[in-house]
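Contents: one structure, followed by commentary.
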Amino acid sequence: MSVAVKKSPLFNNRKSFKHPKSTWMDAGDDDRKRKTPLKVNAGLLSNGYHKSPSDGPSLKRARKSINGHAGSEGEGRRFSVSLASTKQLPLQEQRSKLPIAKGKDALIQEFRENEVTVLLGETGSGKTTQVPQYLLESGIARDGMIAVTQPRKVAATSLATRVAVEQNVTLGSSVGYSVRFDERSSSETRIKYMTDGMIVRELMSDPLLSKYSVVIVDEAHERSLRTDLLIANLKTILRQRNTPQDVKGKGKGRADTNPLKIIVMSATLDAEKFGRFFSGAKIIYVQGRQHPVKIYHSSQGQVDYADAAMRTFFQIHTEYPPGDVLIFLPGQEDIESLEKTIQIYANQLPQDRMSVLMCPMYASQAPGQNSKVFRPTPPNTRKCILATNIAETSITIPGVKFVIDTGKCKEKRYLARNTGGGFDTLLTRDITQSSAMQRAGRAGREGAGYCFRLYTEDAFKTMALSSEPEIMRCSLSSSLLQLKCIGQDLETLELMDQPADESMKSSLILLFFLGALNQKKEITSIGRQMAAFPLEPIFSRAIIASKEYGCTHEVLDIVSILSASSKIFVESSEQRDAVSEARHTRKLTSPRARADCKDWCRRHFLNERALLEANDIREQLRQTCQRLGIDHQTSCGDKEDPVIHSLGHGLAMNLALLQPDGSYKQTIGQAIVKIHPSSTLCDKKTPAIIYDELVYTNQIYARGVSRISKSFIMTLGMLKQES
DNA sequence: GAGCACTGC
């Protein structure tokens, strides 16, 4: 043990600090089953469901990195390396060495015989890249297209890139992709990787998905809102497109039918549920290829997970061989404070020790801040990566050998109110078992690794198996409106999990309030126009209202920025005052040339990527306006009222009035809300406000706040009575 | 006085 560490005040104070041998319980047995990575194909069972080991990094990890070059599966990364290295195996040989390859013929046979197949594949099995190629090469796809859906854009694009190379074709010819703002596909395209949101959008113009002969739903276990909507629709489409097999031998099907095959790819935990949903679907298990990860559990519960994480880090640093450490924490606040603490103690280490390189990682970080995490670790240094869930599925960090898992994450959950409103909560909670496995798996990417869980094995066992499907915990108004467009309804559509009545009711009320649905719950012409925009209904309604107020130009600007995925304002605790000054007082006039944008953004603490995304969104909205015959150029100049009033039509349920005590009370619903401290209107005592969202953390905060006149609120009330 | 992660022809 390092003398320096023992000397540090923290450890002197902490009698509870224990040597790893006694602190950590060896969870153990998951290693043995994975010792021989290539001996996998016996694992391809055409019948029944192989239970994966009860613990261990067996879940499929997500794929892709923020800088875009990590492939979807482990072999994807290796592949991108092989382009530059002659020492690598030839391409086809690489393909044939994938775990899934030896089961190829049996797999193809199963796909041929079954309408629906559930494929359980562990990390590194190669299923996402190989199965579409098998389907194409074996003729199962006939002359239709094969769609492979992904929850994330980078996954879709990098998978397509890789499969195009394996097929030796140009990307966009027979292998392509389609994600928002970016499409590489043509009339030739046979295998199309796409985001689940994209194919759900396609449903609106082609409710039977008749272009596709096979739809592969990948990462189905993540249960994203759009994956769930897709799966529900696929079941309906199956009934409509596939001729029922009457009697054996007679079930040839009509010549004019265009039957659909469905392959659901999932990690192990939820497999049976998918199988049950598509009654009688075949479940097939494919073993993966992942290095063993030794998992330790804490012998007792930890009260202070940040402190425990720090002590564990130094245990690793002083007692284990080189290799980077990845610490999972719930949020930015924890990351920033732990970064400081670890740095202080790391500075006290003796000179001859390995030094520590801190790498914080979270989504709202200034762009470029996190680039050092992807650079090779300097000699005689250990990276300490402090990350949110961003490192669990979205970003793959090379070189990680040790994972410290606090067992906590932040979860966004929508609380619907019967009034039609509702608000988001963002609270720290325990992670799920599948999340814990995913985190542990992050230590086994490049070699054997270790995972230290700051919770007991019993605590692990009492965790939920997997997180609640997104459809159960988000606002449904946008999805409901989309479904209404194709004559469907959340109440009648057969979903894997049905959202709460209150949540559906609240969406109905909101859509009614916005004029998108009438009293009979039928879609109105306003509703159809709203659904054409890839926006939350509150924003599409504002665009439609802007026609009347003559300010579509301005409203498009605002809505684009509000619906960009990350906030355009950069957050930095160290330069908080400068950021605040920039936000409150500077006039932000954009530079003409895009080339200046990066520097201009940095000087004004703006997130360049978010601004560019907003720009893309704006262009898309402009095209939608054009299609709908809304003149996107009408402008109100410098006048504020038309803009606020347009937004007011969309945000009519998001109004609050100043109370004598300085708080705000909603005009609909009774909640007391506070203006979020990041708002320029905080402490300004504006009599009436309008906001774009409510978030409950330790209080209910209104974010995206604007001033609005009380007299206009009265007008809105009148309008409501008229409709 | 404060910000988990994704996504949309």
Side-chain angles (χ1 to χ4, degrees), chain A residues 62 64 66 149-156 178-183 185 192 194-206 211 219 222-227 229-230 328-336 361-365 387-395 406 408-413 424-429 431 435 438 467 470 473-474 478-479 481-482 531-537 539-540 563-573 576-577 579-580 607 613 616-617 620-621 623-624 627 674-679 682-683 693 695-699 701-704:
Chain A
K64 89 350 173 45
I66 208 168
T149 72
Q150 296 292 324
R152 284 167 291 277
K153 292 207 273 192
V154 197
S178 175
V179 301
R180 194 183 189 188
F181 309 132
D182 192 7
E183 166 141 24
S185 74
K192 186 157 84 172
M194 59 208 294
T195 45
D196 48 13
M198 214 61 177
I199 199 165
V200 168
R201 268 277 157 187
E202 267 188 33
L203 276 171
M204 290 175 70
S205 55
D206 179 11
K211 285 192 287 189
E219 308 284 21
E222 288 190 23
R223 302 292 306 277
S224 78
L225 170 63
R226 288 166 186 90
T227 293
L229 291 176
L230 173 63
F328 282 101
L329 290 153
Q332 180 181 347
E333 207 178 336
D334 283 311
I335 288 175
E336 285 176 346
M361 281 194 43
Y362 45 86
S364 63
Q365 219 172 6
T388 60
N389 257 356
I390 196 168
E392 193 180 299
T393 49
S394 301
I395 290 177
T406 57
K408 301 284 177 190
C409 68
K410 281 201 184 182
E411 186 189 70
K412 196 167 179 174
R413 173 175 290 269
D424 286 319
T425 61
L426 187 56
L427 301 172
T428 301
R429 57 164 295 168
I431 60 169
S435 182
Q438 183 87 2
S467 53
E470 190 183 3
R473 50 187 176 89
C474 69
S478 176
S479 305
L481 187 59
Q482 272 191 40
F533 289 95
L535 289 173
E536 283 299 315
F539 294 135
S540 51
S563 47
S565 52
S566 32
K567 301 288 164 228
I568 64 160
F569 296 114
V570 168
E571 304 292 342
S572 159
S573 60
R576 193 163 283 183
D577 291 344
V579 171
S580 165
N607 180 340
E613 184 191 345
D616 286 337
I617 294 173
Q620 207 179 28
L621 300 181
Q623 287 170 12
T624 310
R627 220 169 52 235
K674 284 193 79 170
I675 296 181
H676 194 275
S678 65
S679 169
C682 189
D683 300 326
E693 61 174 352
V695 179
Y696 176 80
T697 48
N698 46 43
Q699 304 183 72
Y701 289 106
R703 293 205 297 200

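Naming: A, B, ... by sequence-line order, numbering from 1 per chain.
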Of Pro534(A) and Glu411(A), the one whose closest DNA chain B nucleotide lies more 5': Glu411(A)

Residue-phosphate contact under 4.0 Å: Lys153(A) side-chain N/O, dG8(B) OP1/OP2: yes

Options dG3(B), dG8(B), dG1(B), nucleotide nearest the side-chain atoms of Arg201(A): dG8(B)

Over 12 foreign heavy atoms within 6.0 Å of CG, Asp683(A): no

Closest to the Glu536(A) side chain, choosing from dG8(B), dC9(B), dC4(B): dG8(B)

Short side-chain N/O contact from Gln482(A) to OP1 or OP2 of dG8(B), under 4.0 Å: no

Leu229(A) side, atom CG; Glu470(A) side, atom CD - distance, nearest 0.5 Å: 9.5 Å

Proximity to the side chain of Asn698(A) - top-ranked nucleotide from dA5(B), dA2(B), dG8(B): dA2(B)

Any Thr697(A) side-chain nitrogen or oxygen under 4.0 Å from OP1 or OP2 of dG3(B): yes

Candidate nucleotides dG8(B), dG3(B), dC9(B), ranked by approach to the side chain of Gln620(A) - the nearest: dC9(B)

Whole-Å gap separating P (dA5(B)) and CD1 (Ile431(A)): 16 Å

Candidates dC9(B), dT7(B), dG3(B) - which lies nearest the side chain of Arg152(A): dT7(B)

side-chain N/O Thr195(A) vs dG8(B) OP1/OP2, d < 4.0 Å: yes

Nearest-nucleotide pick for Glu470(A), side chain only, options being dA2(B), dG8(B), dA5(B): dA5(B)

Side chain of His676(A) (C-beta onward), nearest among dG1(B), dG8(B), dG3(B): dG3(B)

Side chains of Ser563(A) and Glu536(A), donor plus acceptor under 3.5 Å: no

Phosphate OP1/OP2 of dG3(B) contacted by Tyr362(A) side-chain N/O (<4.0 Å): no

Distance-only donor-acceptor test, Arg180(A) side-chain atoms vs dT7(B) base atoms, 3.5 Å: no

Other residues, nucleotides, ligands: >12 heavy atoms within 6.0 Å of Glu333(A) CD: no

Candidate nucleotides dT7(B), dA5(B), dC4(B), ranked by approach to the side chain of Ile390(A) - the nearest: dA5(B)

Sugar-phosphate, base or nothing in reach of Thr388(A), heavy atoms under 4.0 Å: sugar-phosphate

Under 3.5 Å side-chain donor-acceptor pair for Asp196(A) and Thr227(A): yes

Residue Lys412(A), side-chain atoms from C-beta onward, closest of dC9(B), dC4(B), dG3(B): dC4(B)

